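Below, read A as the first sequence line, B as the second, and so on, with proteins coming before strands; counting in each chain starts at 1. This is a predicted model, so every value here is computed, not measured. Atom set for the values below is all heavy atoms of this structure, side chains included, hydrogens, waters and symmetry mates excluded.
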Amino acid sequence: MCTYPHHLSQVKHTSLVGHFTYNSRIMLLPFLLRGCTAKHYVQQALSSTRLCINCCNIRGLATSSGQLFLRRTPQGFLNQSRGAKTHKRKHQNQEDDWKKRNKTVLTYIAAAGVGMIGLSYAAVPVYRLYCQASGLGGTAVAGHNTDQVETMKPVRDRIIKVTFNADTHASMQWNFRPQQSEIYLVPGETALAFYKARNPTDKPVIGISTYNVVPFEAGQYFNKIQCFCFEEQRLNPHEEVDMPVFFYIDPEFDDDPRMARVDTIILSYTFFEAKEGQQLPIPGYS
Amino acid sequence: MSTAMNFGTKTFRQRPPDKGAFPLDHFGECKSFKETYMRCLRDNHFDSSHCRVETKEYLECRMDRQLMAKEPFEKLGFKDLMEESDEENKAKL
């Protein structure tokens, strides 16, 4: 449906009002008014005829007389109001276009934002899997098999020296030291080592220890069957105890090319003082 | 050292012991076995392979005095020692 005549009437009214206020001080006001309205009536007539012809054209009923009529009309007459209308229409179209484009862009940005949030949540298990697969950061490549102690065979031609180190935290008053400086063993064979701890104070002291293995990559082959770490150990005043460590080195240590030049492993224990009721979390990923 | 949270630095991943922690030997019940073991180590230039019998005896002492959970020695890596003792027993009989 052609709905232009409605717009035309609106344009006519606004321009009339504009002219009225602008020329309010001029003596020729009535004459001008009449002239303006006349001009606008002519323009309206011309535009409506043009529109009817356009509508007819749309329906495929173009007549030659109509075309002749259009050609005779000077362009200047129609330029002003027609320019304003098409300009406004173009502006409207452009605005619509912009709005549509803005909407799609906003949708993309929102999707990217949601994607980022999802990625940050997914990153934790994905990174864990990646670390396990690549062994990055010394993570055990696979959970080690505790039943292998029964079936493992010692690798006789590879002798490894295990050195022992003992430390205490600065505020920890125990005397803590290893009872042997080193032990020579082979992968696949269990061995026993002793540390000694003494409480020289007059009060019972509760200690809790943690350990470290250097080089870090060898740490994944160092398996402790039983030791004294990660649990509270209480020493009464002036008491001295032997603390054993029962361990072995995984026979796969010999197969690892990264361990080919490793001959010495340093096992280091550090004792801290534990407060009443404090619990060390068991290490490793849960 | 293992708490240095730098990206890319190798850290040490601690693992808890397989069978937990030894209870403390407050009364020194197995001290003699320990001394035997330490003497053996010193005599053999700290070679652990030559002192496996003493290791087994120390662990046996602990098990007898409730300082260690009782377990068959095959599971503690002494399968070869058990087989040897079985053969000796059979030979005696």
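The choice from B/P72, B/C30, B/G20 that makes the most heavy-atom pairs within less than 4.5 Å of chain A is B/G20. Per-residue heavy-atom pair counts under 4.5 Å with chain A were compared for B/E74, B/E54, B/M38, B/H26, and the maximum is reached by B/H26. By number of non-hydrogen pairs under 4.5 angstrom with chain B, the leading residue of A/V245, A/I183, A/N236, A/L185 is A/I183. Heavy-atom pairs under 4.5 Å with chain A were tallied for B/F22, B/F78, B/F73; the largest tally goes to B/F22. Top candidate by heavy-atom pairs under 4.5 Å with chain A, chosen from B/G77, B/G28, B/C51, is B/G77.
For A/H238, the NE2 atom sits in a packed shell: over 12 heavy atoms of surrounding residues, nucleotides or ligands are nearer than 6.0 Å. Other residues, nucleotides and ligands contribute at most 12 non-hydrogen atoms within 6.0 Å of the CD atom of B/Q66.
Interface remark: A/Q179 contributes backbone and side-chain atoms alike to the contact with chain B (heavy atom separation under 4.5 Å). For chain A, the nearby parts of B/L76 are the backbone and the side chain; heavy atoms of each come within less than 4.5 Å. Interface residue A/Q233: backbone and side-chain heavy atoms are both found under 4.5 Å from chain B. Looking at A/Q226, the atoms closer than 4.5 Å to chain B (heavy atoms on both sides) sit in the backbone and in the side chain alike.
Here CE of B/M68 is found 8.0 Å from CD1 of A/I225. Values are rounded to the nearest 0.5 Å. Going from atom CZ of A/F222 over to atom CD of B/Q14 covers 12.0 Å, rounded to the nearest 0.5 Å. Separation of atoms CD (B/E35) and CZ (A/F194) is listed at 9.0 Å; rounding is to 0.5 Å.
The nearest pair of heavy atoms linking A/T190 to B/S48 is O-OG, 4.1 Å. Of all non-hydrogen atoms in A/F230 and B/P17, the two that sit nearest each other are CD1-CD, 4.1 Å. Smallest separation of non-hydrogen atoms from B/L24 and A/R234: CD1-O, 3.6 Å.
The closest donor-acceptor contact from the side chain of B/Y58 to the backbone of A/P244 lies at 3.5 Å or more, if one exists at all. Here the side chain of B/Y37 pairs no donor or acceptor atom with the backbone of A/A193 at under 3.5 angstrom. Remark: side-chain polar atoms of A/K224 are paired, donor with acceptor, to backbone N or O of B/R15 under 3.5 angstrom.
Between B/D25 and A/D242 there is no side-chain heavy-atom pair separated by less than 4.5 Å.
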Legend entry - Evaluation steps, side-chain contact (heavy atoms from CB on, under 4.5 Å), between A/F246 and B/T55: CA-CA 9 Å; A/F246 191 43; B/T55 311; 4.1 Å; yes
